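A short write-up of the structure that comes next.
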Amino acid sequence: MKPRICLSARYLTYTHLFSRYQVTCYSTQTATSPINISKQSIHPTTPARTRFAPSPTGFLHLGSLRTALYNYLLAKNTNGQFILRIEDTDQTRLVEGAEQNIYNTLEWCNLQIDESPVRGGQFGPYRQSERKDIYKKYAQFLLDKGLAYKCYCSKERLLQLRESAQRLKPPTNVTYDRKCFTKLNEPDNDSFVIRFKSPHKYPKFNDLLHGSTDIQPQYNLHDQRFDDFVIIKNDGMPTYHFANVVDDHLMKITHVIRGEEWLASTPKHVALYNAFGWSPPEFVHIPLLTSLEDRKLSKRKGDFNILQLREQGGILPEALLNFVALFGWAPYRELNEKTSEVLDLDQLVEKFSLDQLTKGNAKVNDSKLQFFQKEHFKRACADPAKLNSLVDSYFDEFKLISKNGKSKEYLKELLISLAPNISHVKDVCNHTYLFKNIDYGAVKPPKDIQQAKTILSYVIENGFDNALANLPTIGFPKKEVFMTLRAALSGGKPGLPIPELVKFIGELESKDRVKKYANYLSIMNE
Ligand code: GLU
């Protein structure tokens, strides 16, 4: 098979990630094709153990939620386990509240975790800062085998090495000269890091999405340096690469689904697996999320804190998950078959397959989120349990809006009636005319005032039902009847059909409004 240098448009968006690497993929698939075009399925047939391994260095954003979701879906689709591991070894980058935000977000999204720092599990602890002794033991194993070594170089020396590597032509970020590997005498201080003795050429590895992949650092042939990355820092904490590999192995992870930004780190991970004599898990590096203009997501465009979305936008978790699930995956469909992409979490679990992942950049289109919100809001209003929780979440605010103490039952029925026209429970506040007097002066006057007055008198004498049934049969255009009544009842606001307006305003109050509107028109006509 002819190798392909993978510097596609997708990578070019993120050249900073790959600028110092030679990336070659041996997969025949094109950037946007679903990957099941090769006949062989890559979806596991045995239970998968997957993990979501965030660092608590900020609040959970869209990209991390997608990673969590795909790992969850793969585990649940195969009757496996979904593990949450907190990767907090870089103590300088920890953000207060970030770990709690991860738990709260996953809980709100209903992604149930089988093993985690909170739930425990047989492979714990699940917080890396509590596993220092385990890493120490495995680092010692590599030291004993001569596959790792202690490095006592000073900060200043390492900085000089880095700077001189940058000045090379071509520059390289492989900077270390292996001084501490070759030198025999140990210095008298005990501040050291442990470095992995990297192979000169990293092994090729298989990525289920990208195929056989060969990523090599860019060396400068005239000034030999070594990619001997640090595995234990001088505070005794492991680095990400080391802890990640040790934990994925010990926690028996079968599939690692993570963002493409980690593709360049994978050769290091595979080299570590080889050094230990372990088989690596299956890797799936999923495309990065970009804005519609193919740029990196920014705070303003798409890269929002998930819980903020819930609090400020009233978004339903089902809508958000549906939106996020389609960033790089689509449900299977037969040729020409129409399948709805509106899926709740159970349906996503059922339909999820690695064969349906796509390779192109996943573009975040906010209007799609609104579409899914509308659809899932309709579904929620038709589901008694979900409807109850919508009512509970909004009832306190609703009491203030409705002033006269409407019940939960009233709000429930109102939501059912408004469901086709609104997308959020808070949209009920656009219908406050139900609870307050109408300012008829602000309502567009009818074209034929006399006709409108006759319609209103008929309603006062015969009631709404009779008026709606009979007036059109005795020469009053249906449209005029409806418009006149809507003006009287809601000041012309669209949304609810007339019988529903009467139901929610109340028969007495509705009649009163009709009388008031008739009076108003009479005065206006004088
Ligand atoms: N701790 C890494 C992160 O913050 C995990 C990367 C991985 O999944 O290996 O995304």
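Because the structure is predicted, anything quoted here is derived from the model rather than measured. For ligands, and for the atoms within them, numbers begin at 1 and follow the listed sequence.
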Non-hydrogen atom of Y240 closer than 4.0 Å to ligand 1: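 Checking ligand 1 against Y240, which is what was asked, there is a heavy-atom contact under 4.0 Å.
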
What residue and heavy atom of the protein are closest to [atom], and at what distance?
| atom | result |
| --- | --- |
| atom 8 (O) of ligand 1 | R51 NH1, 2.6 Å |
| atom 5 (C) of ligand 1 | A53 O, 3.1 Å |
| atom 4 (O) of ligand 1 | S55 OG, 3.2 Å |

Part of N244 within contact of ligand 1 (heavy atoms, under 4.0 Å):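 Looking at N244 and ligand 1, just side chain atoms fall under 4.0 Å.
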
Can you list the ligand 1 atoms lying under 4.0 Å from a non-hydrogen atom of [X]?
| X | value |
| --- | --- |
| R258 | 7 (C), 8 (O), 9 (O) |
| E87 | 1 (N), 2 (C), 5 (C) |
| W262 | 2 (C), 3 (C), 6 (C), 10 (O) |

K368: side-chain contact (heavy atoms from CB on, under 4.5 Å) partners, not counting sequence neighbours: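 Checked K368 against side-chain contact (heavy atoms from CB on, under 4.5 Å); matches are F323, E341, N365, F372.
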
Heavy atoms of other groups near Q91 CD, more than 12 under 6.0 Å: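 For Q91, atom CD is crowded (more than 12 foreign heavy atoms under 6.0 Å).
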
Residue Q122 excluded, over 12 heavy atoms near CD under 6.0 Å: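 No, because the 6.0 Å sphere around CD of Q122 holds 12 heavy atoms or fewer from other groups.
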
Residue pairs involving residues 344-353 (criterion side-chain hydrogen bond (donor to acceptor under 3.5 Å, both in side chains); sequence neighbours excluded):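 Of all non-adjacent pairs touching residues 344-353, those that pass side-chain hydrogen bond (donor to acceptor under 3.5 Å, both in side chains) are Q347-R379.
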
Lys/Arg cation over aromatic F229: R195, 6.0 Å, 45° cone: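 No, R195 does not sit over the ring of F229.
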
Option passing salt bridge (charged side-chain N to carboxylate O under 4.0 Å, His left out) with E115 (candidates R85, R51, R49):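 Considering R85, R51, R49, a salt bridge (charged side-chain N to carboxylate O under 4.0 Å, His left out) with E115 is found only for R49.
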
